[in-house]
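In what follows, every chain begins at residue 1, and chains take the letters A, B, ... in the order their sequences are listed.
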2 protein chains.
Amino acid sequence: MPTPNHNETVPDEMLANERDIRAKLGDRPFDFDSLHVISNIYRAAAAIRRRAEREVLSDYSLSWGGFTILWVLWIWGEMETANLAAECDLAKGTLTGMVSTLEQQGLVERERMASDRRRVTVSLTDEGRNTIEEVFPAFNAFEADMSANLDTEEKRLAAGLLRRIITRHDEPS
Amino acid sequence: MPTPNHNETVPDEMLANERDIRAKLGDRPFDFDSLHVISNIYRAAAAIRRRAEREVLSDYSLSWGGFTILWVLWIWGEMETANLAAECDLAKGTLTGMVSTLEQQGLVERERMASDRRRVTVSLTDEGRNTIEEVFPAFNAFEADMSANLDTEEKRLAAGLLRRIITRHDEPS
DNA sequence: GCCGGATAGTTTGGTACCGAACGAATGGCG
DNA sequence: CGCCATTCGTTCGGTACCAAACTATCCGGC
């Protein structure tokens, strides 16, 4: 019968570990609903990243972070390092190394800005653009597969709920 | 007006980057709903982990993974390495190093099984138990804060939707 | 008994990632 | 002009993490 989560104790369907947690700690005044949301977000993200790197990105010698950089540059075009780091949700120090890797692979290029020589812009090379145009459809198909247990409405709902967690706290570094 | 996601084009509220993606790629046949779910899961997870390590775990010199190990051992008690790795969602090789770190910190201990000397069990020391009993309430408060924009019903809904993504594909290593 | 395949954990080699410290460049204010 | 606080990107030291190679142990068949 489709009546999940119908009371305030234990929802009908839980992962095995969620049940065990209630069994162990259920008598203590913890916030189990928050616990399950947060830990499920993390588990889902880890599964997504692992599968993506193994099943999609490795074919193109891209890491998750490398793919993200290409993707961001593809959507937004040339960006300076600081904005790119923020958009990729990476520390700027991390970005430096990953851009260097992509640069060696010939997928992006750096350029110092003439107006302010501290700043550096990063942009896709032609090869980088070809790569992301080839990889992204495969990646998007992977995303669809990964979320195939949800229908469209549920995906939007989930995206919206997550958005409200993300927007609450988002100072990357 | 509270009518989010009311049509099949662009939902009312989106993150800035979500809007930009539609603007750039909206005319191509990609699955944007899947894209947004997956990328929001990942962004949320990254924000959660970063904040947790900075604001909660660093006070106890614990990494995210180290905390997870203590937590799992606290809930389930003594475990052998392979099960512990699966439960913590880590590759077994990764676990070896992190258990060694925790062992040096005096928080867990290893023991070879008498019946099968290949196997090793890991359990909390008294100090480890004290640590997790002290850290977890702070961590749980953090989880509550992190998800404070959702009410109880929404947390359960989100946890359930995520569960359906997790259960679809979960062979960690 | 012992040999060979299977299995549990560890080691190894490499990337990713962070935070903090650093060095170059800038721009305002004297 | 010339200092100096600020703001860039990079570098550095350290952990975390994975996949694959390796080691030790176990167990079934001869």
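- Although no hydrogens or angles enter the test, the distance criterion places a donor-acceptor pair under 3.5 Å between the side chain of Ser63(A) and the main chain of Gly66(A).
- No side-chain heavy atom of Thr81(A) sits under 4.5 Å from any side-chain heavy atom of Val99(A).
- Counting any heavy atom pair closer than 4.0 Å across all strands shown, Arg110(B) reaches sugar-phosphate atoms only and no base atom.
- Proximity of Arg50(B) to the phosphate of dC18(C): a side-chain N or O atom is located under 4.0 Å from OP1 or OP2.
- Rounded to an integer number of Å, the gap from CE of Met113(B) to P of dG9(C) is 9 Å.
- The closest side-chain heavy-atom distance from Met146(A) to Ser34(B) is not below 4.5 Å.
- Distances shown here put a side-chain N or O of Arg54(A) below 4.0 Å from the OP1 or OP2 atom of dA19(D).
- Atom CZ of Arg51(A) is separated from atom P of dC18(D) by 16 Å (rounded to the nearest Å).
- Between Phe67(B) and Phe136(B), the ring-plane angle classifies as parallel under the 30° and 60° cut-offs.
- Using modelled atom types, no side-chain atom of Asp33(B) and backbone atom of Lys155(A) make a donor-acceptor pair closer than 3.5 Å.
- Side-chain atoms of Asn140(A) and Glu143(A) include a donor-acceptor pair closer than 3.5 Å.
- The two atoms that bring Val37(B) and Ala158(A) nearest to each other are CG1-CB, 4.3 Å, heavy atoms only.
- Defining each end axis of the helix from dG1(C)-dC30(D) to dG30(C)-dC1(D) as the rotation carrying four pairs' C1' atoms onto the next four, with five pairs an end, the two axes are found to diverge by 10° to 10 degrees.
- Atom CD of Glu80(B) is separated from atom C1' of dT10(C) by 16 Å (rounded to the nearest Å).
- Under 4.0 angstrom from either OP1 or OP2 of dT10(D) there lies no side-chain N or O belonging to Arg119(A).
- Separation of the Phe139(B) and Trp71(B) ring centroids does not fall under the 6.0 Å cut-off.
- Where Arg112(B) and Gly93(B) meet DNA chain D, the nucleotide closest to each residue was compared, and Gly93(B) sits on the side nearer the 5' end.
- Remark: Arg49(A) is in phosphate contact with dC17(C), judged by side-chain N or O atoms under 4.0 Å from OP1 or OP2.
- Residues of residues 62-79 of chain A having a heavy atom closer than 4.0 Å to DNA chain D: none are found.
- Cluster membership check: Val122(B) shares its hydrophobic cluster with Ile75(B), using side-chain heavy-atom separations under 4.5 Å among Ile, Leu, Val, Met, Phe, Trp and Tyr.
- The side chain of Arg117(B) has dC26(D) as its nearest neighbour among dG9(D), dC18(D), dC26(D).
- Remark: Ile21(A) CD1 to Phe32(A) CZ distance equals 8.0 Å, nearest 0.5 Å.
- For Arg118(B) against dT7(C), a side-chain-to-base donor-acceptor contact under 3.5 Å is present.
- Taking a 4.0 Å limit (strictly below) on heavy-atom distances, residues 94-105 of chain B reaches DNA chain D at Thr94(B), Met98(B).
- The distance from atom NZ of Lys92(A) to atom C1' of dT7(D) is 8 Å, rounded to the nearest whole Å.
- Protein atom CG of Leu57(A) is 14 Å distant from nucleotide atom C1' of dT15(C), rounded to whole Å.
- Checked by atom type and distance alone, the side chain of Glu109(B) never pairs as donor or acceptor with a backbone atom of Thr125(B) at under 3.5 Å.
- Between Leu62(A) and Leu70(A) there is a side-chain heavy-atom pair separated by less than 4.5 Å.
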